[in-house]
Structure formats: C-alpha cells, structure tokens
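Only a predicted model underlies this, so the values are computations on that prediction, with no experimental measurement involved. Every number for a ligand or one of its atoms is a count from 1 in the order of the listing.
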Amino acid sequence: MKILFATNNAHKLQEVQQILGADYLLVTPHQCGVDEEIPEEQETLEGNALQKARYLFERTGLDCFADDTGLEVAALNGAPGVHSARYATSGHDFAANMRLLLHNLEGVEDRSARFRTVVALILGGQEYLFEGEVRGTIMQEPAGEGGFGYDPVFRPEGYDLSFAEMAPEEKNRISHRGRAVAKLAAFLAEHCK
Ligand code: IMP
C-alpha cells in the first residue's frame, strides 16, 4: 500500500519506513508535486499534526499522515513543547536549542522530561490520531554524536545513555516516534487488509 507521509526529511522518512515495514511504500510531498512548506501554526502537537495531514489531503486526495513532536520538561511547565524546533532561534538550530535548555535548567533539581509524538492519519477521508511518549531526564551536559535535536541531553528512563549514544534501532524501539508509528502500523495492518 502506498501512503503519503508529510516529510521531505530523508532521515525521518527512513526511520518511519523501517518501523512500518515493506508492506507500505511511503511517498513524500515532493513526489506528489507538493513542494511548498506545509503549514504548522497551531499551539498543540495534535493541532499541528492534523493541520499538516489535512493540508496534504486537500491538495492530493491521497491517504496520508503527518507527525509532530515536542520535548516537554516538567520544571519548565512543559516547555519547549510544541515550540521545540524553534526554542532558541527561528531556525532549527539544535545546538542553540540545547544550550538554552541547559541554561534554563541550571540549578534545577527536577530534570524530568518526556518526548511526545502525535501522528495524524487521514485514511479514506477519516481522521485518526496516535500518540507515543518516552519519559526520561535532561542531563547536565550533552553526550554522544548520534541522532538529532535534543538527543545528546535526553536520557530515557531505565538507561545510562543519552539517545545520542544509543544505536538507532534501539532508540527507535523505545522512542516517542517509534511508539506512535508502531500504533499507526498496527492500525493500518488491521484496517487495510
Ligand atoms: P518534529 O515535529 O519531528 O519536526 O520535531 C520538532 C523538534 O523536536 C525537532 O526540531 C527537534 O528539535 C525535536 N525532536 C523531535 N524528535 C526528536 C528526537 O527523536 N530526538 C531529539 N529531538 C527531537
């Protein structure tokens, strides 16, 4: 089955394709003639995931899904949350975002946090939402070279390593996005036999 995924990010595409398996062929907005930036202007992860999926569905009429992720830090009242990509600057400056996060947590004892991903699926014109989360803590300083975003400062519960120090397969197995996409995969397997 072919399904349109709202990303042109090759890393994310590969990660999600790996989780969904060979029964599904992911196609990108670019491959469907959608080259403009897909809007995500909402104040919640659910709102953004739905906005992106609806945008693609309106333009292509194809079954499609979109995801949105945020890092929610308890001591910062859930920040950076839906603003995770643009926490420090208007761009996706991962290093600046991490620096600001560590700065805002200086001297703070409760460093608990979670990553949360929401996937919005439009299948046969119907909308469905799936959520995945992973709990952990924000480390005192970055460690590891792998992954992206806040991976070097996030240590998942039950591990002594940051996400950036883990093998990609291991991160995918327990991650927010991995869990949300696994729910999507189970749903598609049930509904698209
Ligand atoms: P997006 O919704 O997947 O584009 O994620 C928004 C932002 O959250 C990204 O720009 C990253 O800063 C952060 N983020 C999302 N997923 C991860 C992850 O798996 N590890 C670390 N940071 C992430």
Side-chain angles (χ1 to χ4, degrees), residues 5-19 26 28-29 37-56 64-73 76 78-105 111 113-121 129-139 141-157 159 161-184:
F5 177 31
T7 189
N8 285 314
N9 173 332
H11 178 88
K12 218 191 222 187
L13 191 71
Q14 191 190 6
E15 186 179 302
V16 172
Q17 179 72 72
Q18 202 176 358
I19 299 166
L26 292 182
T28 63
E37 203 174 318
I38 302 170
E40 43 180 322
E41 304 144 332
Q42 308 305 307
E43 277 304 311
T44 62
L45 300 177
E46 288 79 2
N48 273 338
L50 274 170
Q51 184 179 17
K52 289 188 276 188
R54 284 174 184 159
Y55 183 91
L56 282 180
C64 59
F65 67 95
D67 71 329
D68 203 41
T69 294
L71 174 65
E72 300 173 346
V73 180
L76 302 177
V82 73
H83 304 293
S84 292
R86 299 179 177 84
Y87 190 37
T89 69
S90 59
H92 290 63
D93 187 337
F94 295 147
N97 285 342
M98 269 193 297
R99 269 199 307 276
L100 179 61
L101 180 65
L102 292 180
H103 173 76
N104 287 343
L105 286 176
R111 302 179 75 89
R114 67 172 180 172
F115 275 113
R116 198 162 71 84
T117 293
V118 174
V119 169
L121 167 72
L129 290 176
F130 307 92
E131 188 180 321
E133 71 162 35
V134 57
R135 292 179 177 277
T137 50
I138 304 301
M139 296 160 67
E141 50 189 63
E145 304 292 329
F148 70 102
Y150 299 89
D151 278 348
V153 293
F154 184 83
R155 179 165 49 215
E157 226 169 57
Y159 288 78
L161 302 171
S162 76
F163 261 168
E165 293 175 301
M166 292 169 68
E169 304 75 39
E170 181 69 353
K171 178 192 163 189
N172 287 348
R173 204 174 58 74
I174 64 161
S175 83
H176 43 299
R177 197 168 21 261
R179 287 172 173 163
V181 174
K183 288 181 188 171
L184 169 73

How long is the straight-line distance from OG of Ser175 back to CD of Glu170, given to the nearest 0.5 Å? 10.5 Å
Is ligand 1 less than 4.0 angstrom away from at least one heavy atom of Phe115? yes
Rounded to the nearest 0.5 Å, what separation is found between the CG atom of Asp151 and the CD atom of Glu145? 12.0 Å
Please report the interatomic distance NE2(His176) to CD(Glu72), rounded to the nearest 0.5 Å. 11.0 Å
Distance, nearest 0.5 Å, that separates OH of Tyr159 from OG1 of Thr137: 13.5 Å
Can you tell me which residue and heavy atom of the protein come closest to atom 22 (N) of ligand 1, and the distance to 0.1 Å? Tyr150 N, 3.1 Å
For atom 20 (N) of ligand 1, which of the options Asp151, Leu101, Asn172 provides the nearest non-hydrogen atom? Asp151
Enumerated ligand 1 atoms positioned under 4.0 Å from heavy atoms of His176: 16 (N), 17 (C), 18 (C), 19 (O)
Mind checking whether Phe148 has a heavy atom under 4.0 Å from ligand 1? yes
Could you check atom 16 (N) of ligand 1 against the protein and tell me its nearest heavy-atom contact, residue, atom and distance included? Arg177 NH1, 3.2 Å
How many angstroms lie between atom CZ of Phe163 and atom CD1 of Ile174, to the nearest 0.5 angstrom? 4.5 Å
Using distance alone, decide if ligand 1 has a nitrogen or oxygen within less than 3.5 Å of any nitrogen or oxygen in Lys52. no
Nearest neighbour in protein (non-hydrogen) for atom 15 (C) of ligand 1: Thr69 CG2, 3.3 Å
Below 3.5 angstrom, do we get any N/O pair linking Lys12 and ligand 1? yes
One finds that the ligand 1 atoms under 4.0 Å from a non-hydrogen atom of Phe94 are 10 (O), 12 (O)
Atom 8 (O) of ligand 1 has as its nearest protein heavy atom Ser84 CB, 3.6 Å
Find all atoms of ligand 1 within a distance of less than 4.0 Å from any non-hydrogen atom belonging to Asp68, and give their numbers and elements. 2 (O)
Return the closest protein heavy atom for atom 10 (O) of ligand 1 as residue, atom name and distance. Ala85 CB, 3.4 Å
I'd like to know if the side chain of Tyr150 reaches the main chain of Ser84, judged simply by a donor and an acceptor atom lying under 3.5 Å from each other, with no hydrogens or angles considered. yes
Nearest 0.5 Å, please: how far is CZ in Arg111 from CZ in Phe154? 12.5 Å
A student checking ligand 1 against Lys171 at a 4.0 Å heavy-atom cut-off should list atoms 18 (C), 19 (O), 20 (N)
Option passing side-chain contact (heavy atoms from CB on, under 4.5 Å) with Thr117 (candidates Asp68, Asp67, Leu45): Asp67
Without swapping roles, check the side chain of Asn97 against the backbone of Ala85 for a donor-acceptor pair under 3.5 Å. yes
